[in-house]
Amino acid sequence: MEYRLLDGKATAARLRAEIAAEVEQIVKNGGRRPALTAILVGNDPASQTYVANKDKSCKEVGFAGDVLRLPETTTQEELIKIVNDINANSSIDGLIVQLPLPKHINPQAVIAAISPDKDVDGFHPQSAGKMMLGEETFLPATPMGIMTLLKEYKINTAGMNCVVLGRSNIVGRPMANLLSQKGIPGDCTVTMCHSRTKDLAKYTREADIIVAALGIPNFVSADMVKEGAIIVDVGINSVEDKSRKSGYRLVGDVDFDAVAPKCSYITPVPGGVGPMTIVSLMQNTLKAYKAKAL
Ligand code: NDP
């Protein structure tokens, strides 16, 4: 089957250009730049890369803001104090705390401390609750980016049988919720699978859309996918590759080469969901800025 790439890289670049044009207009009219602050605690290499990418994209669209790098030994109380200071700072519109946090810090306690007005990651219980009810709120960046991608490619998801692999609070669970909501993209019949699912392939073989968010390289194989399915690969896994200078390469949760020929649409890794996640964060920051400016 002839498949089409769901090109997150190109789509995100277009959306970033739109945000940048809007920011320039704001500045031209004498407004201040929207600002996003990211807090990074500790030295997790993957988190450092994610935060650096987010910071780079922020600068690219003309946002102000910075990355607060805190030592691994930061206590929960110290971190919450910093979050409260940022909540009170009216020149910062969005705040994200990069996960995972060191083991001695309870992530839920820190997320709950973020002002819902600045919760551009959409992880605060208030944002999650509103999303669940289909109310206007900040949506979590990765599922939001996937919804935008499906919309940009004008995929009519109504009535589709969708299988979400993974049930994390940041990807799987909100993704399943959004795809089940009324409207396009949405109106899907959704099944959420996880590590306790029995005979997972039985579900994926019936799926019109598979969203894979497990964190297991090449987990989804060709025999798990029906002809014409739409595949969204959220996974970002680093696997050894001695042929590369870096010694590794990034792969998704889907065996792309084997699965792509069976698909109608598929996201590549890298260049699929990753850039859409970052641009969604930018869109949420602009939204937080505008809500305050009104
Ligand atoms: P988590 O580790 O929080 O969740 C993984 C989920 O996969 C869990 O629900 C787990 O089940 C399930 N799972 C694990 N093993 C199996 C299995 N053998 N069979 C079925 N289900 C299984 O991961 P995240 O949701 O945070 O991230 C998932 C992937 O997406 C990672 O590779 C991450 O790097 C990537 N990611 C990419 C982003 C992007 O922008 N592209 C953004 C965020 C994440 P259980 O709950 O039972 O343990």
Side-chain angles (χ1 to χ4, degrees), residues 5-9 11-13 15-16 38 40 44-57 96-101 103 107-108 111 120-123 128 138-150 163-179 190-205 207 210-221 223-225 231-239 248-256 266-284:
L5 276 187
L6 291 170
D7 189 340
K9 194 175 169 191
T11 307
L15 296 173
R16 275 201 309 277
L40 176 61
D44 179 63
S47 294
Q48 290 192 4
T49 308
Y50 295 147
V51 168
N53 285 340
K54 288 170 189 171
D55 193 42
K56 189 169 152 249
S57 294
I96 59 172
V97 177
Q98 182 65 41
L99 301 177
L101 288 165
K103 295 234 166 351
Q108 288 314 120
I111 290 166
V120 292
D121 251 341
F123 296 163
F138 295 116
L139 298 177
T142 301
M144 176 177 164
I146 293 168
M147 296 297 274
T148 306
L149 200 53
L150 294 172
V163 172
V164 178
L165 304 178
R167 58 174 165 182
S168 72
N169 287 340
I170 63 168
V171 189
R173 204 180 295 272
M175 187 74 256
N177 181 270
L178 290 173
L179 284 166
V190 182
T191 305
M192 193 162 43
C193 298
H194 45 75
S195 67
R196 308 300 293 268
T197 300
K198 287 186 183 139
D199 195 4
L200 185 144
K202 183 179 82 186
Y203 298 97
T204 57
R205 280 190 205 111
I210 299 173
V211 180
L214 304 147
I216 305 177
N218 301 324
F219 179 91
V220 177
S221 52
D223 64 325
M224 291 167 72
V225 175
I231 307 287
V232 177
D233 190 353
V234 183
I236 304 177
N237 310 292
S238 163
V239 296
Y248 74 92
R249 74 192 150 92
L250 294 180
V251 299
D253 288 349
V254 176
D255 182 353
F256 185 93
I266 184 166
T267 58
V269 176
V273 176
M276 292 305 297
T277 296
I278 296 185
V279 82
S280 302
L281 197 57
M282 313 284 106
Q283 288 174 322
N284 276 346

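Remember, it's 1-based here, ligands and their atoms both numbered in the order they're listed.
Here is the list of ligand 1 atoms found below 4.0 Å of a heavy atom in Thr277: 39 (C), 40 (O). Atoms of ligand 1 found under 4.0 Å from any heavy atom of Asn237, numbered from 1 in the order shown, are 32 (O). For ligand 1, the atoms sitting less than 4.0 Å from at least one non-hydrogen atom of Gly215 are 28 (C), 29 (C), 31 (C), 32 (O), numbered in the order shown with element in parentheses. Counting atoms of ligand 1 from 1 in the listed order, those under 4.0 Å from a heavy atom of Phe219 are 18 (N), 19 (N). Close contacts of ligand 1 with Gly166, meaning ligand atoms under 4.0 Å from a residue heavy atom, involve 6 (C), 7 (O), 9 (O). Numbered from 1 in the order shown, with element, the atoms of ligand 1 that lie under 4.0 Å from a heavy atom of Ile170 read 26 (O). Residue Leu200 approaches ligand 1 through these ligand atoms, each under 4.0 Å from one of its heavy atoms: 20 (C). Under a 4.0 Å criterion applied to the non-hydrogen atoms of Ala213, ligand 1 contributes the atoms 5 (C), 6 (C), 7 (O), 28 (C).
Looking at every heavy atom in both residues, Met276 comes nearest to Gly272 through CG-O, 3.5 Å. Nearest heavy-atom pair across Ile231 and Leu6 is O-CD1, 4.3 Å. Here the shortest heavy-atom pairing between Val273 and Asp233 reads CG2-O, 3.5 Å. Listed here is the closest heavy atom pair of Cys193 and Val163: SG-CG1, 3.9 Å. Across all non-hydrogen atoms, the minimal contact from Met175 to Val211 is CG-CG1, 3.9 Å. Across Leu178 and Pro143, no two heavy atoms sit closer than the pair CD1-CB, 3.7 Å.
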### Task
Go through Val97 and Ile111 one step at a time and tell me if the side chain to side chain contact (heavy atoms under 4.5 Å, CB included) criterion holds.
CA-CA 8 Å; Val97 177; Ile111 290 166; 5.7 Å; no

### Task
Give the C-alpha distance, both sets of side-chain angles, the deciding distance and a yes or no for side chain to side chain contact (heavy atoms under 4.5 Å, CB included) between Ile216 and Asn237.
CA-CA 7 Å; Ile216 305 177; Asn237 310 292; 5.9 Å; no

### Task
Verify side chain to side chain contact (heavy atoms under 4.5 Å, CB included) between Phe123 and Leu99, making sure each step is shown before the conclusion.
CA-CA 11 Å; Phe123 296 163; Leu99 301 177; 4.1 Å; yes

### Query
After noting the C-alpha distance and the side-chain angles of Thr142 and Ile170, does the key distance pass the side chain to side chain contact (heavy atoms under 4.5 Å, CB included) rule?
CA-CA 8 Å; Thr142 301; Ile170 63 168; over 6 Å; no

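Nearest protein heavy-atom contact of atom 2 (O) of ligand 1 is Leu214 O, 4.4 Å. The protein atom (non-hydrogen) at minimum distance from atom 41 (N) of ligand 1 is Val234 O, 3.3 Å. The closest protein non-hydrogen atom to atom 16 (C) of ligand 1 is Ile216 CD1, 3.8 Å. Protein heavy atom closest to atom 42 (C) of ligand 1, with residue, atom name and distance, is Thr142 OG1, 3.2 Å. Distance from atom 1 (P) of ligand 1 to its nearest protein heavy atom, with residue and atom name: Ser168 CB, 4.1 Å. Of all protein heavy atoms, the one closest to atom 48 (O) of ligand 1 is Ser195 OG, 3.6 Å.
Under 4.0 Å from ligand 1, not a single heavy atom of Ile278 appears.
Here the shortest heavy-atom distance to atom 20 (C) of ligand 1, taken over Arg196, His194, Met276, belongs to His194.
Residue Arg167 has at least one N or O atom closer than 3.5 Å to an N or O atom of ligand 1. Between Val171 and ligand 1, no pair of N/O atoms sits closer than 3.5 Å. Considering backbone and side-chain N/O atoms, Ile236 comes within less than 3.5 Å of an N/O atom of ligand 1.
In this structure a side-chain-to-backbone donor-acceptor pair under 3.5 Å is missing from Arg249 to Val239. With Thr11 contributing its side chain and Gly8 its backbone, the two residues share no donor-acceptor pair below 3.5 Å.
Ligand 1 has at least one atom lying under 4.0 Å from a heavy atom of Gly274.
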